[in-house]
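Both backbone and side-chain heavy atoms feed into the values below; hydrogens, waters and symmetry mates do not. Within every chain, numbering begins at 1; the chains are lettered A, B, ... in the order of the sequence lines, protein sequences first and strands thereafter.
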Amino acid sequence: MSEFPPVPLTLEGSSVLHQFFRFDWKALRAVNSLDERKEITEEFTKVFAGFEKAADGKSQSAIFSQLGHKGDLIFIHFRDSLEALNQVELTLAQTRLHDFLVPTHSYVSVVELGLYESTRKTYEAAAAKGLTQHSPEWNAEIAASLERGAAAMTPRLFPSVPDAKYLCFYPMDRKRDEQKNWYMVPFTDRQRMMHDHGMIGRRYAEQVRQIITGSIGMDDWEWGVTLFAEDPVVFKKLIYEMRFDEVSAEYALFGQFFIGLRLQLDKVSGWLEGKL
Amino acid sequence: MSEFPPVPLTLEGSSVLHQFFRFDWKALRAVNSLDERKEITEEFTKVFAGFEKAADGKSQSAIFSQLGHKGDLIFIHFRDSLEALNQVELTLAQTRLHDFLVPTHSYVSVVELGLYESTRKTYEAAAAKGLTQHSPEWNAEIAASLERGAAAMTPRLFPSVPDAKYLCFYPMDRKRDEQKNWYMVPFTDRQRMMHDHGMIGRRYAEQVRQIITGSIGMDDWEWGVTLFAEDPVVFKKLIYEMRFDEVSAEYALFGQFFIGLRLQLDKVSGWLEGKL
Amino acid sequence: MSEFPPVPLTLEGSSVLHQFFRFDWKALRAVNSLDERKEITEEFTKVFAGFEKAADGKSQSAIFSQLGHKGDLIFIHFRDSLEALNQVELTLAQTRLHDFLVPTHSYVSVVELGLYESTRKTYEAAAAKGLTQHSPEWNAEIAASLERGAAAMTPRLFPSVPDAKYLCFYPMDRKRDEQKNWYMVPFTDRQRMMHDHGMIGRRYAEQVRQIITGSIGMDDWEWGVTLFAEDPVVFKKLIYEMRFDEVSAEYALFGQFFIGLRLQLDKVSGWLEGKL
Amino acid sequence: MSEFPPVPLTLEGSSVLHQFFRFDWKALRAVNSLDERKEITEEFTKVFAGFEKAADGKSQSAIFSQLGHKGDLIFIHFRDSLEALNQVELTLAQTRLHDFLVPTHSYVSVVELGLYESTRKTYEAAAAKGLTQHSPEWNAEIAASLERGAAAMTPRLFPSVPDAKYLCFYPMDRKRDEQKNWYMVPFTDRQRMMHDHGMIGRRYAEQVRQIITGSIGMDDWEWGVTLFAEDPVVFKKLIYEMRFDEVSAEYALFGQFFIGLRLQLDKVSGWLEGKL
Amino acid sequence: MSEFPPVPLTLEGSSVLHQFFRFDWKALRAVNSLDERKEITEEFTKVFAGFEKAADGKSQSAIFSQLGHKGDLIFIHFRDSLEALNQVELTLAQTRLHDFLVPTHSYVSVVELGLYESTRKTYEAAAAKGLTQHSPEWNAEIAASLERGAAAMTPRLFPSVPDAKYLCFYPMDRKRDEQKNWYMVPFTDRQRMMHDHGMIGRRYAEQVRQIITGSIGMDDWEWGVTLFAEDPVVFKKLIYEMRFDEVSAEYALFGQFFIGLRLQLDKVSGWLEGKL
């Protein structure tokens with residue numbers, strides 16, 4: 001048995017749901033009564049306002065106007081459990097506006113902090129104490145370390161929706177190809193590559209806010225990446241630069257990319273009339 | 001000819017159907033009469049209650065509220081034959097609620113216990129007796145061994161639906177790539193890898209209940225994995241840890257992932273009004 | 001030029017069409033009049049009875065109730081030409097029941113006997129006579145051999161629909177990967193692998209009836225495999241065992257799997273009321 | 001710089017559009033008036049007759065009754081430009097019959113003659129004259145050669161729709177894999193493989209008429225292959241034999257296969273009543 | 001650390017949206033009133049005229065009549081931001097004509113000039129000055145160089161829609177395979193290959209106008225290629241020739257291809273009556 005397990009420790013925070021909808025403009029046009037339209041909008045606005053200012057303080061929801069045929073509206077929701085997210089879906093489904101929303105995509109995940117650096121220290125400390133891997137003592141050591149980490153990182157584990165103009169979302173996997181297989185790479189090599197990768201992100205820290213969510217067992221890819229920026233060209237610059245980085249160049253597998261513009265709740269009624 | 005055949009013995013139990021549906025909220029909203037809604041719900045509830053308490057004692061059905069756009073409701077059914085499962089489908093199709101269910105996915109399989117360890121013993125015992133492979137005597141020896149196994153494992157072959165809050169389902173294959181080809185790996189190597197893999201699962205035994213179903217010849221993947229847990233983050237931890245294990249890292253091919261929350265039958269009428 | 005051409009000879013028999021439909025239960029529920037329902041059923045039954053007892057004696061059609069969301073009904077038709085199969089499609093399309101059938105899949109192929117063993121003998125005999133490949137004399141020699149084969153194998157070339165409870169269908173290709181390329185493997189190696197493969201099938205002969213159809217130039221895969229058995233678990237056992245066999249392990253590429261239960265024509269009206 | 005460019009010269013002829021439609025039988029059944037049906041058929045027949053006998057003499061259109069769920073009708077159109085093909089689409093879209101046609105697939109391409117053999121001669125002649133590649137003189141030499149070729153091959157560049165019972169269509173690419181990459185193979189090796197490939201086709205020349213169309217920059221595959229024969233089993237025999245040929249075995253990538261029966265225009269009204 | 005970063009510098013110009021729609025001819029046929037049709041057309045024409053002659057001088061929109069089943073109409077829009085493009089989508093969605101447009105595809109990107117040659121010079125100059133990579137001084141040096149480039153290239157960064165008869169669009173990636181991985185190729189090799197690639201394009205410069213747009217982080221592929229020419233066969237010749245070029249042969253991955261004919265705004269009302 002090697003010095004420590006191959007799996008890096010992770011911390012989990014908010015449960016997150018990304019919803020993507022095409023808007024049925026034809027059906028809305030068929031609603032002739034202005035009063036009826038107003039009722040539809042007001043009901044939705046009231047419901048969504050509740051999402052934005054949930055009682056627990058940690059819950060967050062936001063709306064984006066999406067570009068391209070993959071959808072017209074993106075909703076993102078941060079909650080304290082998948083159960084709470086499912087309730088969000090059911091609550092939205094009861095609004096009349098929902099009749100005009102055709103679901104095109106979604107993503108279920110939880111905020112995740114991958115801890116390559118501290119995992120190594122934690123595993124080494126446990127090994128130094130002579131603890132047997134997966135023994136109750138070893139488990140307790142690891143759990144205590146994670147707890148300390150979670151306490152220190154609460155704001156990153158339960159983030160607010162950044163107040164930026166543009167959003168970019170894409171899911172990704174680590175490759176498990178015949179020769180390039182991330183899950184067969186030694187821990188320390190993975191740690192080094194993740195470190196180098198992080199250095200690029202750090203150079204963009206002032207221009208891009210990034211939220212990484214883990215989705216193994218919850219959705220079809222391993223991770224979701226949600227980026228926020230004032231200038232969408234920065235998304236391109238950042239991801240292009242990262243693509244030359246070893247961990248992305250050799251081991252990243254990307255899904256579809258989704259892009260949208262923040263739509264404040266009080267602008268929704270304007271949006272329904274075609275005004276961004 | 002090698003000492004014993006390359007194929008591990010398996011035991012089969014319940015036939016299983018996973019059904020995934022999107023719910024047509026718009027159509028339900030068009031049903032204005034409260035009485036009509038009530039009739040629809042009561043008819044469905046009565047039918048499904050029959051599914052849950054079938055006369056044979058082994059039949060089981062359960063409902064889950066699904067997250068994301070892949071569907072809104074998951075039904076899982078355990079029966080004693082594919083024929084009985086087909087009857088379940090036909091019976092559901094006659095309910096009025098079925099008009100609001102848009103099928104998005106399904107999975108047809110049977111509970112399977114893969115017996116790498118005991119297969120080896122059985123094959124070795126038959127070889128020790130000097131029996132020719134696939135001769136009537138050899139066949140009888142194998143059949144007797146399987147029968148003893150089936151008797152001992154009845155509860156695992158005909159499982160109840162575990163009483164947990166969350167469900168995770170995904171199908172999987174073993175890879176048959178040019179260099180990494182599970183079906184060309186010697187039996188004993190496969191046996192060793194499966195053993196190591198099982199050790200990880202065992203560490204999660206208290207947190208996750210797992211039902212493996214085989215679907216070769218029945219559906220598009222080789223196996224289905226259905227997990228049950230109180231905390232969905234445990235699904236992520238378990239599958240992530242397994243992904244570094246040799247058999248998964250090198251030989252596993254995963255399909256889509258589906259996740260839902262148990263919905264007790266008496267909560268269905270609430271769910272139809274948007275309450276989880 | 002090698003001793004003989006790389007392509008094995010084949011014999012072709014019945015033209016075969018597999019049709020897969022989802023049934024529109026909602027639309028049927030909208031047909032309130034019992035008389036109308038009866039008319040719909042009787043018209044269909046009469047038409048399909050004609051399919052089952054066609055004048056030429058060789059034509060065969062059968063209905064299966066399908067499991068899962070991929071469809072609800074499977075029709076298979078054996079005819080003496082693709083033209084006759086196209087007429088079947090057009091005739092079905094004129095029935096009122098067809099309004100409730102949503103096509104989800106199909107497969108167009110012809111019964112094919114691949115003759116690796118006898119091809120070798122035929123090619124060797126022609127070479128022994130000193131005939132030049134593809135010369136008129138060589139062609140005549142091959143054609144005569146095929147004619148003798150066709151006469152001897154008529155029942156297998158124009159099979160009846162086996163009278164079994166379950167059907168399993170899947171299409172498949174031989175791989176043409178960079179290193180594992182069936183079409184670059186020497187004839188004698190392919191012959192040996194096909195022989196070994198056949199040995200497995202033979203052990204299941206009493207439990208499974210198999211019809212191989214060729215579809216190169218007719219549909220998206222190279223072959224279709226249609227299996228018939230009383231117990232669907234036998235499909236799984238057979239295909240799993242074959243998957244460890246060299247020709248399948250290294251060179252088989254599988255499409256989707258479809259499974260159904262035989263539905264006798266006099267049970268169709270019951271099926272439309274939800275009774276299997 | 002090598003002796004001559006790697007790209008083989010090509011000659012282009014007719015622009016070709018393949019259209020595939022599913023027929024909405026349910027909607028046609030809803031047209032109760034026989035007069036209305038007759039009007040629909042007559043309008044379509046008149047329009048399509050114009051397509052078949054276009055003023056320029058080179059234009060050709062034909063109808064096929066398709067097998068399987070991929071569609072019910074195939075139209076193929078040969079014209080002198082993509083513009084003329086687009087006008088065909090628009091003209092068809094104005095007919096009332098078009099309301100019953102659900103587009104399922106299409107293919108846009110131009111008749112292409114790949115000139116591996118003569119390209120070599122042309123390039124060698126230009127090199128022998130000491131012309132610099134891509135210089136005005138070299139370009140003129142090549143252009144003159146192509147012009148002579150086009151004049152000689154007019155009937156093959158502007159073909160008539162062969163008068164055969166069955167049609168088979170499939171698109172294809174040349175592989176660009178890591179090791180097997182057609183576009184990295186030296187010209188002379190490609191020339192040799194294409195020559196061998198052509199020899200197989202020649203043996204089938206009496207049974208199969210073949211039209212190769214190029215679609216790089218026009219549709220999703222590099223080439224379309226349209227075959228015509230009296231017996232559809234010949235498609236299978238030809239393509240199966242070719243699949244063992246080096247250029248297909250190693251470098252061909254195939255798309256979907258479509259198959260249909262020629263439907264003469266005066267049989268369309270019968271077809272609409274279910275008679276082939 | 002190597003002499004300079006692996007990522008080439010890029011300049012970005014107009015934001016671009018490609019929209020692809022199928023036209024619902026059946027629904028239009030249901031609009032019986034000629035006045036109503038006229039109103040629909042006039043409203044659309046007025047809105048689109050505003051797109052074509054936007055106040056800022058840089059905005060451009062154009063319409064193309066598409067070939068094949070992938071769509072009937074293509075709109076392309078050049079704007080100064082993604083926000084402006086999203087407003088275009090919303091404005092179009094308010095027109096009555098939009099009810100007849102079924103979105104089938106789209107592409108979101110920005111005009112991009114990849115600067116392999118000047119990047120090398122810029123990086124070398126910065127290195128010669130002894131500047132540390134990514135230091136404020138180094139960043140300033142790079143930014144100044146980019147600014148000079150942008151000023152010189154304004155017409156290419158904010159292009160007009162070329163006045164050609166045909167359009168061809170396709171997205172593409174650079175391969176990241178196990179052995180052929182563009183993002184692991186040394187900068188100077190990539191620079192050389194891009195240079196050779198450009199030489200082919202230059203030979204076609206009089207026949208084809210090309211606009212390259214970058215879409216990393218904005219859409220599912222890395223780049224979009226939009227070509228304009230009077231003769232669509234030139235698209236085929238150009239792309240075929242490029243396919244033998246090292247960078248395309250080994251490293252290009254292509255998406256779908258879309259082709260259409262320019263449709264001037266004053267021809268739209270004719271097009272709606274089936275006249276190109």
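The NE2 atom of His105(A) sits 8.5 Å away from the NZ atom of Lys70(B) when rounded to the nearest 0.5 Å. Here the straight-line distance linking atom CD of Gln66(B) with atom OG of Ser106(A) works out to 8.5 Å at 0.5 Å rounding.
In this model, no donor atom of one side chain and acceptor atom of the other lie less than 3.5 Å apart for Ser215(A) and Lys236(B).
Of all non-hydrogen atoms in Gly217(A) and Cys168(B), the two that sit nearest each other are O-SG, 3.3 Å. Closest heavy-atom contact between Leu90(A) and Ser65(B): CD1-OG, 4.4 Å.
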Original post:
Is there a side-chain hydrogen bond (donor to acceptor under 3.5 Å, both in side chains) between Lys275(B) and Thr91(A) once you walk through the steps?
Top reply: CA-CA 7 Å; Lys275(B) 294 168 214 140; Thr91(A) 302; over 6 Å; no

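In the displayed structure, Arg156(A) atom CZ is contacted under 6.0 Å by at most 12 heavy atoms of other residues, nucleotides or ligands. Residue Gln179(B) places its CD atom among more than 12 non-hydrogen atoms of other residues, nucleotides or ligands, all under 6.0 Å distant.
Lys237(B) places a side-chain heavy atom less than 4.5 Å from the side chain of Glu12(A). Looking only at side-chain heavy atoms (C-beta outward), Pro5(A) and Phe244(B) stay at 4.5 Å or farther from each other. Contact of the Gln94(A) side chain with the Trp25(B) side chain is registered, since non-hydrogen atoms from C-beta on lie closer than 4.5 Å.
Using modelled atom types, one side-chain atom of Asp220(A) and one backbone atom of Phe257(B) make a donor-acceptor pair closer than 3.5 Å. With Asn181(A) contributing its side chain and Ala249(B) its backbone, the two residues share a donor-acceptor pair below 3.5 Å. Although no hydrogens or angles enter the test, the distance criterion places a donor-acceptor pair under 3.5 Å between the side chain of Gln87(A) and the main chain of Gly274(B). A donor-acceptor pair under 3.5 Å is absent between the side-chain atoms of Arg176(A) and the main chain of Tyr251(B), judged by distance alone. Within the 3.5 Å criterion, the main-chain N or O of Glu83(A) finds a donor-acceptor partner in the side chain of Tyr166(B). Here the side chain of Glu178(A) pairs a donor or acceptor atom with the backbone of Glu178(B) at under 3.5 angstrom.
Of residues 184-193 of chain A, those residues lying under 4.5 Å from chain B by any heavy-atom pair are Met184(A), Arg190(A).
Considering only heavy-atom pairs separated by less than 4.5 Å from chain A, the leading option among Ala27(B), Ser248(B), Gly255(B), Ala252(B) is Ala252(B).
Residue Thr95(A) touches chain B through its backbone alone, counting heavy-atom pairs closer than 4.5 Å.
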